[in-house]
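Each remark here refers to the structure printed beneath this line.
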Amino acid sequence: DCEARVIIRGVRSLSDMEAEFTMTLANRKLDPDIETVFLMADDEFSHVSSSLIKEITSLAGDQELSRFVPASIISDLRNRLSQ
């Protein structure tokens, strides 16, 4: 139990915002003292999703993948997704 009171969520599109808003309302019902803060993705990354990263990790070389994720995590990402 970390007793956090703030949840930070990233949103890329209006459809993300709709889903996040629903989750925020549920969280408020569970604990009214929790606040949710939304950070909008830069338009350069608004198309990037975890599903996209999972799909291209096995197909792309490190140089191509580094256009979507920090180069410093590529090795860990590949290891994690190969499990």
Side-chain angles (χ1 to χ4, degrees):
D1 185 4
C2 68
E3 298 186 30
R5 307 302 327 150
V6 177
I7 299 171
I8 299 174
R9 302 290 296 178
V11 285
R12 299 167 296 153
S13 64
L14 288 176
S15 60
D16 278 359
M17 190 64 197
E18 184 176 346
E20 292 296 338
F21 184 70
T22 300
M23 184 62 70
T24 297
L25 293 176
N27 286 335
R28 282 187 183 167
K29 290 285 186 189
L30 295 170
D31 187 339
D33 294 328
I34 292 178
E35 285 294 330
T36 303
V37 176
F38 298 103
L39 300 176
M40 295 299 299
D42 188 278
D43 60 345
E44 178 183 0
F45 299 106
S46 63
H47 66 287
V48 178
S49 66
S50 61
S51 300
L52 174 71
I53 297 304
K54 289 174 186 174
E55 187 170 335
I56 67 173
T57 295
S58 64
L59 304 172
D62 287 0
Q63 187 173 7
E64 292 82 16
L65 190 55
S66 69
R67 295 179 187 150
F68 298 92
V69 300
S72 60
I73 70 156
I74 290 176
S75 177
D76 290 336
L77 178 63
R78 289 189 190 286
N79 288 337
R80 172 76 181 220
L81 294 178
S82 68
Q83 294 178 359

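Along the sequence shown, the residues carry numbers beginning at 1. Note: hydrogens, waters and symmetry copies are ignored here, and every other heavy atom, side chains too, is used.
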For this session: Assess whether atom CD of Gln63 is packed by more than 12 heavy atoms of other residues, nucleotides or ligands within 6.0 Å.
Result: no

Exercise. Using a side-chain heavy atom cutoff under 4.5 Å and only I, L, V, M, F, W and Y, what cluster partners does Phe21 have?
Worked result: Leu25

For this session: Please check if Phe45 and Met17 belong to a single hydrophobic cluster, counting links between Ile, Leu, Val, Met, Phe, Trp and Tyr side chain heavy atoms closer than 4.5 Å.
Result: no

Exercise. Take atom CE in Met23; do more than 12 heavy atoms of anything else shown fall under 6.0 Å from it?
Worked result: no

Seminar exercise, completed: When rounded to the nearest 0.5 Å, the distance separating OG of Ser58 from CG of Leu81 is 8.5 Å

Exercise. Looking at CD1 of Ile56 and CG of Leu65, how far apart are the two atoms once the value is rounded to the nearest 0.5 Å?
Worked result: 5.5 Å

Seminar exercise, completed: Students should find that the hydrophobic cluster of Leu59, defined by side-chain heavy atoms under 4.5 Å apart, otherwise consists of none

For this session: Could you list the residues that satisfy side chain to side chain contact (heavy atoms under 4.5 Å, CB included) with Ile73, not counting sequence neighbours?
Result: Val69, Pro70

Exercise. Nearest heavy-atom pair of Arg78 and Gly61: which atoms, and what distance?
Worked result: NH2-C, 3.5 Å

Problem set entry | Hydrophobic cluster (4.5 angstrom, side-chain heavy atoms) - remaining members for Ile7 | Ile34

Exercise. With a cut-off of 6.0 Å (strictly less than), are more than 12 heavy atoms of other residues, nucleotides or ligands near CG of Leu39?
Worked result: yes

Problem set entry | Sequence neighbours excluded - salt bridge (charged side-chain N to carboxylate O under 4.0 Å, His left out) pairs with any residue from residues 20-38 | Arg5-Asp31, Arg9-Glu20

For residues 46-55, which side-chain N or O atoms pair as donor and acceptor with protein atoms under 3.5 Å away, sequence neighbours left out?
unit_1, atom_1, unit_2, atom_2, d
Ser46, OG, Asp43, O, 3.2
Ser49, OG, Leu52, N, 3.1

